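For the numbers below, each heavy atom of this structure counts, side chains included, while hydrogens, waters and symmetry mates do not. The chains referred to below are lettered A, B, ... by the order of the sequence lines, with proteins before strands, and numbering in each begins at 1. Since we're looking at a predicted model, the values are computed, not measured.
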Protein chains: 2
Amino acid sequence: MIIAIAQTNYHIGNFERNTEKIIATIAEAKRKGADLVVFPEITIGGYLAKDLFRYRSFLDACETSIEQIAASCVGIACIIGAPVRSKLTKGKQLYNAALFIVDGAVKDTVHKTLLPDYDVFDEYRYFEPNNTFKCVDYKGNRIALTICEDLWNEHFPSLYPQDPMIELAKQQPNIMINVAASPFSESHFEARCAVVTAHSKRHALPALYVNTIGAHADIIFDGRSLVFDEKAKLIDVLNPFAEDLRYYQLNGKELVARQLTTVYKEPESIVNIHEALVLGIKDFFAKSGFKKAILGLSGGIDSAVVAALACEALGSTNVMGVLMPSIYSTGHSVDDAMDLVGNLGCLHEVIPIKEATEAFDNMMAKAFKGKENDITEENIQARVRAIVLMAMSNKHGYILLNTSNKSEAAVGYGTLYGDMAGSLGVIGDVLKTKVYQLAHYINRNGIVIPENTITKAPSAELRPDQKDSDSLPEYNVLDAILHRYVELEMSSKEIIADGFDEVLVQRVIKLVVGSEFKRFQSPPILRVTRKAFGVGRAMPLVAKHPF
Amino acid sequence: MIIAIAQTNYHIGNFERNTEKIIATIAEAKRKGADLVVFPEITIGGYLAKDLFRYRSFLDACETSIEQIAASCVGIACIIGAPVRSKLTKGKQLYNAALFIVDGAVKDTVHKTLLPDYDVFDEYRYFEPNNTFKCVDYKGNRIALTICEDLWNEHFPSLYPQDPMIELAKQQPNIMINVAASPFSESHFEARCAVVTAHSKRHALPALYVNTIGAHADIIFDGRSLVFDEKAKLIDVLNPFAEDLRYYQLNGKELVARQLTTVYKEPESIVNIHEALVLGIKDFFAKSGFKKAILGLSGGIDSAVVAALACEALGSTNVMGVLMPSIYSTGHSVDDAMDLVGNLGCLHEVIPIKEATEAFDNMMAKAFKGKENDITEENIQARVRAIVLMAMSNKHGYILLNTSNKSEAAVGYGTLYGDMAGSLGVIGDVLKTKVYQLAHYINRNGIVIPENTITKAPSAELRPDQKDSDSLPEYNVLDAILHRYVELEMSSKEIIADGFDEVLVQRVIKLVVGSEFKRFQSPPILRVTRKAFGVGRAMPLVAKHPF
């Protein structure tokens, strides 16, 4: 039997486009002689459509799509993920299902057993879990078919007494297939490989792990579907961060690739982060129907890195950089930003903000009488810049990219409705020290980001001679603490036990806690770590955080 | 046996203050002769501390608090909700528990069986569910003790084969007690009464339903704990939207109130909404440590209603209204706003915005060359006002209240980083037609909100002679459609079948869908309906919504 893996990118809720692509892929696989083509989890509807699942119109559209796909499935079979209505009188209205379609109809339906509810996942909100197990038979083969977390049981409560693969293995399958929607984060690839290897080894079965690819605002799926032979040896890895369609020949338990395969070597972490961010920008624009991005260029490293990523994702003629010098901007800021514009070949405007900041000084004079200058005036500058950028966006149809990095988002070093504005937080999950790594990677084949931008001391330039280090600890120390507190969810005691200064740890955590209210109003942030700010980190707002 | 119900307001994570209050309440109940005092769900830690539950420091603090409370529990017993660590090697690390404490120690622990995961709830993210059932024995009484949704089983999947009350009833209890954290929404009180009545009647048991009270940013708990005798007759309702401590005498299954009770009459819906919003503001400020609020006063009804609510919650001398007329503001706008200020006795400033809007006109002239005036210039005005308000906030320590109503939030009739700014959305879950009802209710004892504010046609006044009805359908029709689409989650077909114009329904839903990205960056909104914008309505961002 020839099995094709269709690692596809879909647009949530865009049934017309998705269905057309699925049908075309099935036709292509059929032409190439495939007996079976396998698509990822909830390819119909899109993972995760969230509360759209609560609308009858959405579920009706899923059913129509299934009918259309089934009608095209003649002379070939497919396995595809879809939400399927339950007929229960109590409980959830849906299953997270994998459909086995052949001869124009759905022949078997497998329901997901282990429903994740951690970080960005919330499947238990929508789906009824499965508790019956049956393999899918086709052309003399018996397939142990599971859905994503069905292979990961350590997070799941005692409600789930069964390990789906152990139950299915009792029925003597000759292959295991898992349809997945497993998002990218640093080091998650290794975890996936380990999990699938363990099942393949334990049950002495070849394994296809079919992952989705594509970004949906915050969440980025990296593809890299996995293929193991019956000795649990990894024999193929599908494209990282790109669609793919590949073919495998199955004879009994013997699984071999039909195309040439090269040994996949996991690149350095920063390469994956770079690819993920580029895909994140690209899909955000493609799926929201926009082409052109705008961002403020300060001459600093954050905006330079975001500009370079945007040019790679959208093409440099679709990217507008706006220089908005104030009376505190240094000469080198404008020069560095102009060098960047030159290197990238993107559009630019220079719009000094002095006139507006002076207008606010005058307007507020009476209400501020007798008060010293303070952070208020710094915030006014940042907010004036946001008005300029949003005005450009409104007038010319650009989408504003936010350039805040994770370190400053964490400690609240940013102005709400000012530099925290934007439709997409491009590097909001990238700590400042990693932003430097990204800059070096972007410059790998020659200078794109000006050297001076990389080497000068970071500054918000909102008052004379300001440096980030006036208010914040050095970024290498700050980031090490933030990694532990935010990403590893360690308490202060545990961080201090790791060798960090007690006063500093307490101060940093206090800043993180004190800026929850700002992050609540952040744009969606491209997720590249195991714990990004956003829906995956749910914090109460008017709470005290004992740390 | 004398049982006290302690309907308490706590501050999430504020262990010092909460523990002190709990211990003082136990002492007070003991002085009044109580044998047992019952507190609501997760009174220790606070419902719902969300991802704080993932930090060891938080769970340690919960355990310390339990020890301190237990030490004070001598000569009296208490039942209190708390998160309790599980000792499982797999699954969730916590239980949502009710502790029975007597003689200085935790004697029994009941775990919650039915974990909600819908709307604002996400307990399955944190807690392991219960599957063993045992009543609590004390002074010759046997208590069927359950936790909140344990009484509500229709939403729960087939994973939960058992109805906790049926299991506990087999052990012949003489009373049922439910400790709850059930948030306010219109008409939810009746639903609670029906559920508790049904259990009381089915098992012929007196019932105490002990609810929490207090607001936590978006979610407002209304208290109104319920007391039923063994004939399922409602014999007492504790304070709405306020703390309370009341006593009941239990002999066998006979339960009587020790204090005078009056028959509780559910008031008109708008009265509850008013009380909920006042509590929401009050607790937001008290729990975040702020005293003073600021808001823009346009002369329109939304800002007038929010100003009146804020004055009631915080005292009029803690409320600052800022009038920010532009060249498009009509004379009556300023007059109406000044009348309101006079009626309320709050602080005010008048800060015209002409100078800043002109500055932006000049600054953008080159970049906008050849382009007509459009929505860009309207948005600049709204954003200039936000800068003024945030500058006042930064300089003087005011917290900005957002005045957007639910109708405009729904259709995106508002400016991101402009009138959508603020720390708390006070009426973001109140449809425009209900805002009028609120205004009339606020004026019940005399004019607070000027009549002209109520009677004039709504306008954003961002261009000459603008009226809301230029861009939007009449609010009574709009709100009827929004109620169905957003709150009842009906699809367009179903709404049209209810008698609404097809073109209009499609147009309204398109507006709602098209403004998801704006609402993503909204402040937290006080929830008063069954479906508010915010965490309880989880929508994908770059999705297509088939409607």
Checklist entry - Going from CZ on A:Phe53 to CD on A:Glu123, what distance comes out if it is rounded to the nearest 0.5 angstrom? => result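 If I round to the nearest 0.5 Å, the distance is 8.5 Å.
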Would you compute the distance between atom CG of A:Leu424 and atom CG of A:Asn402 and round it to the nearest 0.5 angstrom?
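Atom-to-atom, A:Leu424:CG and A:Asn402:CG are 8.0 Å apart.
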Legend entry - Parallel, tilted or perpendicular, as decided by the 30° and 60° cut-offs, for the rings of A:Phe360 and B:Phe360: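 Perpendicular.
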According to the interplanar angle, ranging from 0 to 90°, do the rings of B:Tyr95 and B:His111 count as parallel (below 30°), tilted (30 to 60°) or perpendicular (above 60°)?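 Ring orientation, 0 to 90° scale: parallel.
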Among [options], who wins on heavy-atom pairs under 4.5 Å with chain B?
options: A:Ile219, A:Asp218, A:Thr376; result: A:Thr376
options: A:Lys371, A:Glu358, A:His216; result: A:Lys371
options: A:Arg17, A:Lys493, A:Met392; result: A:Met392
options: A:Lys287, A:Lys354, A:Arg383; result: A:Arg383
options: A:Ala61, A:Gly536, A:Ser288; result: A:Gly536
options: A:Met363, A:Met490, A:His396, A:Lys518; result: A:Met363

With only heavy atoms counted, which part of [X] is less than 4.5 Å from chain B, the side chain, the backbone, both or neither?
X: A:Ala421; result: both
X: A:Ile351; result: side chain
X: A:Val322; result: neither
X: A:Met390; result: both
X: A:Asp119; result: backbone
X: A:Lys366; result: side chain
X: A:Ile353; result: both
X: A:Tyr126; result: side chain

Counting heavy-atom pairs under 4.5 Å with chain A, which one of [options] comes out on top?
options: B:Gly418, B:Pro523, B:Pro129, B:Ala217; value: B:Pro523
options: B:Leu88, B:Leu115, B:Leu48, B:Val388; value: B:Val388
options: B:Asp117, B:Thr415, B:Ile12, B:Asn394; value: B:Asp117
options: B:Arg56, B:Lys50, B:Glu372, B:Gln521; value: B:Gln521
options: B:Phe520, B:Phe121, B:Phe284, B:Phe58; value: B:Phe520
options: B:Arg54, B:Glu489, B:Glu128, B:Glu377; value: B:Glu489

inquiry  = Does the Lys NZ or Arg CZ of A:Lys92 fall within the cation-pi geometry relative to B:Tyr118 - under 6.0 Å from the ring centre and within 45° of the axis?
reply    =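 Verdict for B:Tyr118: no cation-pi partner in A:Lys92.
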Practice problem: Identify which part of B:Glu349 has an atom lying under 4.5 Å from any heavy atom of chain A, answering side chain, backbone, both or neither. | Solution: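 Answer is side chain: those atoms of B:Glu349 sit under 4.5 Å from chain A.
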What part of B:Ala386 is in contact with chain A, defined as an atom under 4.5 angstrom from a non-hydrogen atom: side chain, backbone, both or neither?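 Neither part.
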*Looking only at heavy atoms, which two atoms of B:Ser491 and A:Ser57 are closest? And how far apart?*
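Here B:Ser491 and A:Ser57 meet closest at OG-N, 2.8 Å.
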Tell me whether [X] is salt-bridged to [Y], with the criterion being a basic N under 4.0 Å from an acidic carboxylate O.
X: A:Asp51; Y: A:Arg125; value: yes
X: B:Asp374; Y: A:Lys395; value: yes
X: B:Arg484; Y: B:Glu494; value: no

- Task: Using a cut-off of 6.0 Å, state whether more than 12 heavy atoms not belonging to A:Ile375 lie near its atom CD1.
- Result: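 Check fails, neighbour count at 12 or below.
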Crowding at CD, B:Glu16 (>12 non-hydrogen neighbours, <6.0 Å):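 Not buried by this count: 12 neighbours or fewer within 6.0 Å.
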| task | Verify whether the ring centers belonging to A:Tyr485 and B:Tyr55 lie closer than 6.0 Å. | result |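 Between A:Tyr485 and B:Tyr55, the centre distance is under 6.0 Å.
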Open item on the list: So does B:Gln93 get a backbone contact from the side chain of B:Ser86, meaning a donor-acceptor N/O pair under 3.5 Å?
Closed with: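 Pair found, side chain donor or acceptor close to backbone of B:Gln93.
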